[in-house]
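Reviewing the structure listed below.
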Amino acid sequence: MRHTMKARRALTAVAITTGLVLTVAGCGGDGGEKPDATSSSSPTDKGNEEKPKDEEPKAPEESVLAEVKGGADNTTLTINTAVRDEGGFLTVSGRVKNGKGGSWNPTPWRGEEKELSGNSASMAGASLVDRTGKKKYLILRDTDGRCLCTQFSGAFKDGEEQTWFAQFPAPPDETTKVDFQIADMPVATIEISDGE
């Protein structure tokens with residue numbers, strides 16, 4: 001019985017040793033067939049190394065189609081976009097800045113039409129003139145008479161700047177330039193672009 005136990009122990013030891021040897025040999029491989037991990041990722045690493053890490057991508061500069069300054073309150077009106085939308089609309093947008101040197105309320109910009117009088121301080125008085133087609137386009141409004149435009153919340157502080165937009169019926173496709181007018185500001189000629 002002792003001899004049988006010793007024989008079994010010896011066989012077990014041989015089996016474990018053989019298994020370990022095969023496992024180590026399998027893990028080693030010949031190395032020639034497997035791609036080197038560092039060499040496969042090196043093009044990506046090189047690409048990352050070429051870009052300075054402390055340099056962040058810059059945002060595209062905002063285009064300016066027109067900028068006019070004037071009026072009784074020394075206001076600056078900037079127009080950044082005039083995009084022809086699907087459905088026959090033209091959306092004009094930009095920024096307006098108070099240069100009065102004190103508080104400024106753009107109430108006169110709402111226009112003189114009685115239907116638009118409830119728009120308080122807004123871009124409701126804006127219009128577009130197509131000199132080639134000899135037409136004037138007034139701002140669009142909803143069924144309640146509110147303009148499809150920016151409604152300012154109140155007076156501008158000294159030096160304050162806000163964004164604005166205004167929607168108009170789109171001129172014919174052949175019209176590429178129009179004159180933007182509002183209140184006592186100088187006329188701003190802008191170029192129309194087609195929406196994507």
Side-chain angles (χ1 to χ4, degrees), residues 57-196:
K58 294 180 182 177
E61 288 185 16
E62 200 170 31
S63 63
V64 176
L65 298 180
E67 187 172 275
V68 291
K69 188 173 182 178
D73 296 311
N74 197 29
T75 307
T76 301
L77 176 75
T78 305
I79 301 175
N80 300 114
T81 63
V83 181
R84 197 188 305 272
D85 301 326
E86 290 182 13
F89 305 114
L90 178 68
T91 303
V92 183
S93 65
R95 304 182 73 81
V96 60
K97 184 176 182 180
N98 173 19
K100 184 178 180 180
S103 180
W104 171 65
N105 197 326
T107 306
W109 286 30
R110 70 180 176 195
E112 297 177 0
E113 291 182 64
K114 290 180 181 178
E115 190 177 339
L116 295 171
S117 61
N119 287 278
S120 63
S122 69
M123 298 294 291
S127 64
L128 296 177
V129 174
D130 174 8
R131 283 185 283 176
T132 306
K134 297 180 180 178
K135 287 185 180 179
K136 184 174 184 176
Y137 297 90
L138 301 179
I139 205 156
L140 292 170
R141 58 204 78 168
D142 63 18
T143 53
D144 295 323
R146 291 186 298 257
C147 74
L148 298 182
C149 67
T150 297
Q151 305 275 336
F152 298 113
S153 57
F156 284 56
K157 296 176 184 175
D158 181 20
E160 184 179 356
E161 187 176 44
Q162 291 187 31
T163 58
W164 61 269
F165 82 94
Q167 280 194 319
F168 302 88
D173 290 346
E174 57 269 20
T175 300
T176 57
K177 288 186 178 182
V178 289
D179 290 339
F180 182 90
Q181 299 177 333
I182 190 165
D184 58 350
M185 294 295 291
V187 173
T189 302
I190 55 176
E191 191 166 345
I192 299 171
S193 62
D194 293 322
E196 295 178 0

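Not measured: the values here are computed from a predicted model. The figures that follow rest on heavy atoms only: side chains count, while hydrogens, waters and symmetry mates do not. By convention here, the first residue in the shown sequence is residue 1.
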(message) Counting only heavy atoms not in Lys97 (residues, nucleotides, ligands), do more than 12 fall under 6.0 Å from its NZ?
(response) no
Any side-chain heavy-atom pair from [X] and [Y] closer than 4.5 angstrom?
| X | Y | answer |
| --- | --- | --- |
| Arg84 | Asp173 | yes |
| Val187 | Phe180 | no |
| Pro169 | Leu140 | yes |
| Ile190 | Val92 | yes |
| Ile192 | Lys177 | no |
| Tyr137 | Pro171 | yes |

Euclidean distance, [Y] [atom2] relative to [X] [atom1], rounded to 0.5 Å:
| X | Y | atom1 | atom2 | value |
| --- | --- | --- | --- | --- |
| Arg110 | Cys147 | CZ | SG | 11.5 Å |
| Met185 | Thr76 | CE | OG1 | 6.5 Å |
| Lys69 | Thr78 | NZ | OG1 | 10.5 Å |
| Trp164 | Cys149 | CH2 | SG | 10.0 Å |
| Ile139 | Ser122 | CD1 | OG | 7.0 Å |
| Arg95 | Leu77 | CZ | CG | 12.0 Å |

(request) Please step through side chain to side chain contact (heavy atoms under 4.5 Å, CB included) for the pair Phe152 and Val96, ending with a clear verdict. (result) CA-CA 11 Å; Phe152 298 113; Val96 60; 4.0 Å; yes
(request) Indicate whether any N or O donor in one side chain lies under 3.5 Å from an N or O acceptor in the other, for Asp179 and Thr189. (result)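 Short answer, yes.
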(request) Answer yes if the side chains of Asp130 and Thr175 hold a donor-acceptor pair under 3.5 Å, and no otherwise. (result)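 The answer is yes; a qualifying pair exists.
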(request) Would you confirm whether the ring centroid of Phe156 sits within less than 6.0 angstrom of the ring centroid of Trp109? (result)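 Between Phe156 and Trp109, which both carry aromatic rings, the centre distance is not below 6.0 Å.
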(message) I'd like to know whether Asp85 forms a side chain to side chain contact (heavy atoms under 4.5 Å, CB included) with Gln167, so could you lay out the CA-CA distance, the side-chain angles of the two residues, the decisive distance to 0.1 Å, and finally the verdict.
(response) CA-CA 10 Å; Asp85 301 326; Gln167 280 194 319; 3.8 Å; yes
(message) I'd like to know if the side chain of Asn98 reaches the main chain of Lys157, judged simply by a donor and an acceptor atom lying under 3.5 Å from each other, with no hydrogens or angles considered.
(response)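 Indeed, once roles are kept as given, a pair shorter than 3.5 Å links the two residues.
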For residues [X] and [Y], report the shortest heavy-atom separation together with the two atoms involved.
| X | Y | answer |
| --- | --- | --- |
| Asn80 | Gly94 | OD1-CA, 3.3 Å |
| Glu191 | Ala82 | O-CB, 3.8 Å |
| Ala126 | Phe168 | O-CE2, 3.6 Å |
| Pro186 | Val68 | O-CG2, 3.8 Å |
| Ser127 | Lys136 | OG-CE, 3.4 Å |

(message) Does Asp73 form a side chain to side chain donor-acceptor pair (under 3.5 Å) with Thr75? I'd like the steps, not just the answer.
(response) CA-CA 6 Å; Asp73 296 311; Thr75 307; 5.2 Å; no
